[in-house]
Protein chains: 2
Amino acid sequence: MRISQLSADAGIPVATVKYYLREGLLHDGHRTSATQAIYDETHLARLRLIRALLGPGGVSIAQARTVLGALDDPPPAIDLLGRAHSALMTPLDPALDVSEVHSLAEEWGWPVDSCDPAVLGDVARALQGLRDAGFELAPGALDAYVRAARDMAQAEIDGIPTDSPDAAVRYVVLGTVLVEPLVLALRRLAEQVAAGERFGDGALRG
Amino acid sequence: MRISQLSADAGIPVATVKYYLREGLLHDGHRTSATQAIYDETHLARLRLIRALLGPGGVSIAQARTVLGALDDPPPAIDLLGRAHSALMTPLDPALDVSEVHSLAEEWGWPVDSCDPAVLGDVARALQGLRDAGFELAPGALDAYVRAARDMAQAEIDGIPTDSPDAAVRYVVLGTVLVEPLVLALRRLAEQVAAGERFGDGALRG
DNA sequence: GCAATTGGAGAGTATCACTCTCCATAATTG
DNA sequence: CAATTATGGAGAGTGATACTCTCCAATTGC
């Protein structure tokens, strides 16, 4: 198919498809002449993926380029998580004190030594954000988040497809990005349910 | 103190402080004359809160205005969660099919009837995003997210301060926004830890 | 008295994700 | 085969967002 057909099938304006081509998010079509190319199902699937990343996934064009790059040429070792994560994390600020996270991790029994330092930085930054806002977590809340994170991660790692490396790559990379909105939405829903049970029906409705 | 002092203490440019004043995020100082005003600790605390919301919290100026508004005049009933949540959620799209979420919630034993429909919409949108991207959750993964969400919410609701209504408002509203980056960062960290345990040390380093 | 600061408002800037405009070339239609 | 339409490509323009700058008259501090 040609670009206008691709655009119509994907429900994305031609100009936007051209833009994704220029930005390197979408691979070129097969050239039939100096100024024409044809596109196929792989382009359609890729466009859907791009929109899922940019929309619900909430990632930027640059981040999407890195994430999609990890899908296109899988990293040499099992560096999948690292690649996907590093595309999404703010680069580590040297001024950030990560020692607090190290000692917390020790409490939790998490061996974080082989982890990407930037992830530790993200945790530290999140904790610092709470403090900056003058917000104190309820006792037990942090433990609940830690348990929840461990449970989610365990299920995810257990669920990595073992049949093909490509499927594993895809699962890990996309799972990192696309599941985040789901987790946040479920937490909000659970909060409302728990609040309703705690304070009685109608508490949320006024 | 005057605006330059406030700016220096908060580490925020004067122009930006003025901008927050204009946008209604920061309350006016106490006027000493037609063209002068003084600021105090409440302004400093508020500025720190604003930066925590706009930075780590990742909310927009408009969303911050709603969230801060919920702090300033607490809603009549215990509509706290609703107010905080509705500031952060995309408005409900009528075209979105929420019935799937209803039946899922029934499976989970979540009484979602009294919940804000927009939250259900967010869950539906997140699930749709996964499907659009051609991504299939591993069996058991969704259950893990649901359990995790319930655990987190339970700890949060249990932890709501009961001593003063103001403290409760503050806890609920800020907890909704500011804890999100923490939850996501912990999940990523737990993923790396779990991947390391599963695939052996060094698996993440290449 | 007089330079420096202030509050206030409008305009300017940077970034981002598109979206539009051209244009030479190609394909399609009559 | 001529006229119309579509295509790939690149640069410029757009709208939203979060600042940031520039003025200005009124105040302040020395």
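Note on naming: letters A, B, ... go to the chains in the order of the sequence lines (proteins, then strands), and numbering restarts at 1 for each one.
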Considering residues at least two apart in sequence or located in another chain, which fulfil the salt bridge (charged side-chain N to carboxylate O under 4.0 Å, His left out) criterion with [X]?
{"X": "B/Arg51", "value": "none"}
{"X": "B/Arg131", "value": "B/Glu100"}
{"X": "A/Glu136", "value": "none"}

Approximate separation, where rounding is to 0.5 Å, of [X] [atom1] and [Y] [atom2]:
{"X": "B/His30", "Y": "B/Tyr39", "atom1": "NE2", "atom2": "OH", "value": "12.0 Å"}
{"X": "A/Leu47", "Y": "B/Asp132", "atom1": "CG", "atom2": "CG", "value": "12.5 Å"}
{"X": "B/Leu174", "Y": "B/Leu53", "atom1": "CG", "atom2": "CG", "value": "6.5 Å"}
{"X": "A/Leu104", "Y": "B/Leu186", "atom1": "CG", "atom2": "CG", "value": "9.0 Å"}

Nucleic acid contacts - residues 40-51 of chain A versus DNA chain D, non-hydrogen atoms under 4.0 Å: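 Those residues: none at all.
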Give, ordered by number, those residues of residues 57-64 of chain B having at least one heavy-atom distance below 4.0 Å to an atom of DNA chain D; if nothing qualifies, reply none.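 Nucleic-acid contacts, sorted: B/Ser60, B/Ile61.
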Contacts under 3.5 Å, N or O only, protein and nucleotides 9-12 of chain D:
| residue | atom | partner | partner atom | Å |
| --- | --- | --- | --- | --- |
| D/dG9 | OP1 | A/Arg31 | NH1 | 2.9 |
| D/dG9 | N7 | A/Lys18 | NZ | 3.2 |
| D/dG9 | O6 | A/Lys18 | NZ | 3.1 |
| D/dG11 | N7 | A/Arg22 | NH1 | 3.3 |
| D/dG11 | O6 | A/Arg22 | NH1 | 3.3 |
| D/dG11 | O6 | A/Arg22 | NH2 | 3.2 |

Side chain to side chain, B/Leu137 and A/Val179, heavy atoms closer than 4.5 Å: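 They are in contact (side-chain heavy atoms under 4.5 Å apart), so the answer is yes.
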Hey, are the side chains of A/Trp108 and A/Arg147 touching, using non-hydrogen atoms and a 4.5 Å cut-off?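 In short, these two side chains do not touch, never coming nearer than 4.5 Å.
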Which residues pass the ring pair (Phe, Tyr, Trp, His ring centres under 6.0 Å) test with B/His27, not counting sequence neighbours?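 B/His27: ring pair (Phe, Tyr, Trp, His ring centres under 6.0 Å) contacts with B/His43.
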Listed by chain and number, what are the ring pair (Phe, Tyr, Trp, His ring centres under 6.0 Å) partners of B/Tyr19, not counting sequence neighbours?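 Scan of B/Tyr19 (ring pair (Phe, Tyr, Trp, His ring centres under 6.0 Å), adjacent residues dropped) gives none.
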Could you give the [atom1]-to-[atom2] distance, from [X] to [N], as a whole number of Å?
{"X": "B/His27", "N": "C/dG7", "atom1": "NE2", "atom2": "P", "value": "14 Å"}
{"X": "B/Leu25", "N": "D/dT17", "atom1": "CG", "atom2": "P", "value": "14 Å"}
{"X": "B/Arg65", "N": "D/dT17", "atom1": "CZ", "atom2": "P", "value": "10 Å"}
{"X": "B/Glu23", "N": "D/dA18", "atom1": "CD", "atom2": "P", "value": "9 Å"}
{"X": "A/Ile38", "N": "D/dT7", "atom1": "CD1", "atom2": "P", "value": "13 Å"}

Looking at every heavy atom in both A/Leu25 and A/Arg46, which two are closest together, and how far apart are they?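 Closest approach of A/Leu25 to A/Arg46, heavy atoms only: O-NE, 3.0 Å.
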Can you name the nearest heavy-atom pair linking A/Val59 to A/Leu54, along with the distance?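 Looking at all heavy atoms of both residues, the closest pair is O-CD2, 3.4 Å.
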Using a heavy-atom cut-off of under 4.0 Å over every strand shown, decide if B/Ala37 touches base, sugar-phosphate, or nothing.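 It contacts sugar-phosphate atoms only.
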Output all residues satisfying side-chain hydrogen bond (donor to acceptor under 3.5 Å, both in side chains) with A/Arg48, sequence neighbours left out; order by chain, then residue number.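 Partners of A/Arg48 under the side-chain hydrogen bond (donor to acceptor under 3.5 Å, both in side chains) test: none.
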My understanding is that only residues two or more places apart in sequence, or in another chain, count here; which of them pass side-chain hydrogen bond (donor to acceptor under 3.5 Å, both in side chains) with B/Asp143?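 Listed in chain order: nothing, the list is empty.
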What are the atom names and distances for every N/O pair under 3.5 Å that joins the protein to nucleotides 27-30 of chain C?
| residue | atom | partner | partner atom | Å |
| --- | --- | --- | --- | --- |
| C/dA27 | O3' | A/Arg2 | NH1 | 3.2 |

Apply the test side chain to side chain donor-acceptor pair (under 3.5 Å) to residues A/Asp166 and A/Ser164: give CA-CA distance (whole Å), side-chain angles for both, the deciding distance (0.1 Å), then the verdict. CA-CA 5 Å; A/Asp166 275 6; A/Ser164 95; 5.7 Å; no
Identify, residue by residue, the members of residues 4-12 of chain A with a heavy atom below 4.0 Å from DNA chain C, and return them in order of residue number, or none.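 Those residues: none at all.
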Short side-chain N/O contact from A/Tyr19 to OP1 or OP2 of C/dC20, under 4.0 Å: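 Answer is no, no contact under 4.0 Å.
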DNA chain D: 5'-proximal contact among B/Thr35 and B/Pro13 (nearest heavy atom):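 Nearest-nucleotide comparison on DNA chain D picks B/Pro13.
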